[in-house]
Each structure stands twice: as structure tokens, then as C-alpha cells.
Amino acid sequence: QVQLVESGGGLVQAGGSLRLSCQASGSIFSLNAMGWYRQVPGKQRELVATINSDGSTKYGDSAKGRFTISRDNAKNTVYLQMNSLKPEDTAVYYCFAVVASRGGYEYDYWGQGTQVTVSS
């Protein structure tokens, strides 16, 4: 089993910054992609950013130019630096990780979610 523990959410004023962290632990042979999605009640979960084990990244349209994803492979941790936050960034942010087993199978794991609230 793999656990993902998120931290760093909270309340911030518009224009401010937050840094989310997500650490994976447990039976990890290899961590492949990691990243973040977000969800607002009543809407579908939306891609924020992903990062592969080689450091290549992908951003959702809402994150481009304002958010930066990074990872520390030694700590099995992914980070999301969010700058110039807007009220529309308010959501629950979910961390995910794609974990490979020794047999070569991949499994998706999700964190419990962390609330980010941006006040106007």
C-alpha cells in the first residue's frame, strides 16, 4: 500500500502565494508520474499539473504561468508552488502518484485532498 500525505493548503488573499506538498510513503518500487488535480463542488476534477520521474511537466490551462510543479525524488515528494492566486483557484487540491511495482504494473494513488481558499 502507498499513502500520500498532503500539506500546505489554507486561506490566502488574492494575489498571494501558497506551496502545497505531497509525500508518498509505503510499498514504493518506483514513483512515476506525480501531480495535482483540483475539484470544486459540482464540477469535474481538473488537471493542475503533473511531473514525470524525468522532470518533464504538464500544466493545465489555469495553472500556466502562475504555478510551478517540482519534485524531490529522494523524498518521494511533489510540490506545487502557486503564485498570483485568484478566487477562482479556490478548490480542494488532490495529489496523485503513479507507482510501479516490481512486476512492472502501475497503480494510481490519491491523497485525501487539501483545501485552498482564495479570498477577494
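Bear in mind the structure is a predicted one, so any value in this text is a computation, not a measurement.
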So which heavy atom on [X] is nearest to which on [Y], and how close?
{"X": "Leu31", "Y": "Ala24", "result": "CD1-CB, 4.1 Å"}
{"X": "Arg66", "Y": "Ser84", "result": "NH1-O, 3.0 Å"}
{"X": "Leu4", "Y": "Gln112", "result": "O-OE1, 3.5 Å"}
{"X": "Ser21", "Y": "Tyr79", "result": "OG-CD2, 3.3 Å"}
{"X": "Ala91", "Y": "Gln39", "result": "CB-O, 3.5 Å"}
{"X": "Val2", "Y": "Ser27", "result": "CG2-O, 3.5 Å"}

Looking at [atom1] of [X] and [atom2] of [Y], how far apart are the two atoms once the value is rounded to the nearest 0.5 Å?
{"X": "Asn73", "Y": "Arg71", "atom1": "CG", "atom2": "CZ", "result": "4.5 Å"}
{"X": "Arg19", "Y": "Gln81", "atom1": "CZ", "atom2": "CD", "result": "6.5 Å"}
{"X": "Gln3", "Y": "Ile28", "atom1": "CD", "atom2": "CD1", "result": "8.0 Å"}
{"X": "Ser120", "Y": "Lys86", "atom1": "OG", "atom2": "NZ", "result": "14.0 Å"}
{"X": "Cys22", "Y": "Glu6", "atom1": "SG", "atom2": "CD", "result": "5.0 Å"}
{"X": "Ile51", "Y": "Met34", "atom1": "CD1", "atom2": "CE", "result": "9.5 Å"}

Is it true that [X] and [Y] fall in one hydrophobic cluster, defined by side-chain heavy atoms closer than 4.5 Å?
{"X": "Val99", "Y": "Tyr105", "answer": "yes"}
{"X": "Tyr109", "Y": "Tyr93", "answer": "yes"}
{"X": "Tyr59", "Y": "Leu18", "answer": "yes"}

Quick check: does any side chain N or O of [X] sit under 3.5 Å from a backbone N or O of [Y], one acting as donor and the other as acceptor?
{"X": "Thr90", "Y": "Val118", "value": "yes"}
{"X": "Gln115", "Y": "Gly9", "value": "no"}
{"X": "Asp54", "Y": "Ser56", "value": "yes"}

Test side chain to side chain contact (heavy atoms under 4.5 Å, CB included), reference Val48, set Leu80, Asp89, Ile69, Leu20, output is Leu80
Close side-chain approach of Val78 and Cys95, heavy atoms under 4.5 Å = yes
Should Lys58 and Leu47 count as side-chain neighbours, where that means a heavy-atom distance under 4.5 Å?
-> yes
Working for side chain to side chain contact (heavy atoms under 4.5 Å, CB included), residues Glu88 and Ser62 = CA-CA 9 Å; Glu88 51 264 44; Ser62 62; over 6 Å; no
Checking side chain to side chain donor-acceptor pair (under 3.5 Å) for the pair Ser53/Asn32: CA distance, chi angles, key distance, verdict?
-> CA-CA 5 Å; Ser53 57; Asn32 295 340; 4.8 Å; no
Determine which pairs satisfy ring pair (Phe, Tyr, Trp, His ring centres under 6.0 Å) with at least one residue from residues 16-43, sequence neighbours left out, and list them in order.
-> Tyr37-Phe96, Tyr37-Trp110
